Amino acid sequence: MNWYEPDRRPMPWKAERDPYLIWLSEIILQQTRVEQGLAYFEKFRTAYPTVHDLAAAPDTEVMKHWEGLGYYSRARNLLKAARLVSGEMGGIFPQSSAELLKLPGVGPYTAAAIASFAYDEPIPVLDGNVYRILSRYAGQATPIDTTAGKKLFTALAALAFDPEQPARYNQAIMDFGALVCKPKRADCANCPLSLSCVARAGDLVYDLPVKAKKLQRKTRYFHFLVARDETGRYLVQQRKSADIWRDLFQFPLFEIDHEDVLFDKLWFASTKDIPFQRNSFVLERSYPPRKQQLTHQTIIGYFHEGRIDSGIQLPTGYEWVSAAELGRLAFPKMIASFIADKSVFLDLFTLPPTE
DNA sequence: TACTCGTGGTC
DNA sequence: TGACCAAGAGT
């Protein structure tokens with residue numbers, strides 16, 4: 001608490017008392033760096049100054065605002081919770097961490113953060129920073145991603161907590177983790193706790209905290225068909241399956257489990273997800289594959305562009321949109337960057353020469 | 001409990 | 001380049 005100075009890590013919501021804006025900032029910051037979340041917070045605050053504004057917004061508009069931030073279930077739950085608070089709670093946010101916990105998208109961390117920041121409820125937060133600080137300081141190698149670990153560190157967090165200054169304490173310990181007790185290159189030389197830190201004494205700083213589970217990654221190969229009709233519209237669909245990028249838009253795609261082979265071979269190998277026949281799609285060009293690293297999978301994306309007749313029969317879930325309308329839909333980063341690159345490409349070759 | 005959900009930064 | 005991590009939560 002002596003170490004803490006709010007100005008060292010300035011954030012627009014630090015002095016905020018409006019539960020709506022605190023909640024908004026906390027949802028955005030889940031598993032997200034402050035620097036990355038900042039612009040999104042400003043965007044949402046401007047577009048939706050109150051919970052009622054957010055509740056009244058169309059789903060696709062909110063998803064578009066969230067585009068690029070990842071973990072899109074946060075956006076869906078954000079809207080669900082906003083409509084709950086606006087509709088059934090008269091616009092008043094729940095007044096305790098226990099009640100906040102019932103909102104979709106609000107878990108133990110977020111409930112504690114909102115309750116302590118907005119209402120001075122004496123409840124400690126337990127986020128990645130706190131786990132790291134406590135495990136190092138106490139020299140505790142109990143894995144943090146187990147039930148036993150959560151129980152242990154919840155107890156330690158309560159011991160370290162200052163119930164007289166809940167908001168200040170919670171912000172202080174998270175800043176301390178971000179600025180001093182960092183995952184890499186921890187600043188032990190300037191740490192006010194170094195003399196009594198068990199990890200420091202035993203040279204275990206970078207062995208803690210311990211995680212039990214290791215990450216498994218799989219590689220998936222997506223082949224997107226960028227189908228354009230005679231009027232320049234594109235065929236898109238909204239992802240609805242329980243998979244990555246749910247509710248975001250995409251070009252029709254087929255997925256295969258191996259590296260690139262010839263396009264027509266691929267097509268015959270897997271066409272059940274494509275809403276038209278091979279002979280109605282006139283392939284014009286295939287782009288170099290694009291790679292995107294997600295937490296649990298590596299996506300290799302191939303984009304195949306071509307012409308198709310707008311007269312074809314389409315199953316439900318597909319729609320034609322003009323190039324301009326593409327800009328209003330939320331796409332996964334891989335597709336959004338493809339569209340952006342393609343737009344630049346087209347501009348270069350279609351703009352009239354300048355003097 | 002185990003698994004999954006994105007994107008970007010750092011080393 | 002690959003591993004790890006970020007103001008975690010839902011299923």
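Residue numbers start from 1 in every chain, and the chains themselves are labelled A, B, ... in the order their sequence lines are given, proteins ahead of strands. For clarity, every value in this text was computed on a predicted model and none was experimentally measured.
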A:R185 side-chain N/O to B:dC11 phosphate OP1/OP2 under 4.0 Å: yes

A:W245 side chain near B:dT4 phosphate (N/O to OP1/OP2, under 4.0 Å): no

Side-chain N,O (A:R246) to OP1/OP2 (B:dT4) below 4.0 Å: no

C:dT1 to B:dG8 separation - C1' atoms, rounded to the nearest Å: 16 Å

Any A:Q297 side-chain nitrogen or oxygen under 4.0 Å from OP1 or OP2 of B:dC5: yes

Identified ring pair (Phe, Tyr, Trp, His ring centres under 6.0 Å) partner of A:W66 from the options A:F41, A:W245, A:F44: A:F44

Sugar-phosphate only, base, or nothing, as touched by A:T146 at under 4.0 Å among non-hydrogen atoms: nothing

Any A:Q293 side-chain nitrogen or oxygen under 4.0 Å from OP1 or OP2 of B:dG6: no

Donor-acceptor pair (no angle test) under 3.5 Å: A:Y109 side chain, C:dG8 base: no

A:T110 side-chain N/O to C:dA9 phosphate OP1/OP2 under 4.0 Å: yes

A:K333 side-chain N/O to B:dG8 phosphate OP1/OP2 under 4.0 Å: yes

Touch class at under 4.0 angstrom, heavy-atom based, for A:G68 against every strand present: sugar-phosphate

Residue-phosphate contact under 4.0 Å: A:Q30 side-chain N/O, C:dG8 OP1/OP2: no

Under-4.0 Å side-chain N/O to phosphate OP1/OP2 contact, A:Y72 with B:dT7: yes

Quiz item: A:T295 side-chain donor-acceptor pair to B:dT7 base, under 3.5 Å: yes

Between B:dT1 and C:dA9 - C1' atom distance, rounded Å: 15 Å

Touch class at under 4.0 angstrom, heavy-atom based, for A:V130 against every strand present: nothing

Earlier contact from the 5' end, DNA chain B, for A:K184 and A:Q216: A:Q216

Heavy-atom donor-acceptor pair, A:S73 side-chain to C:dG10 base, under 3.5 Å: no

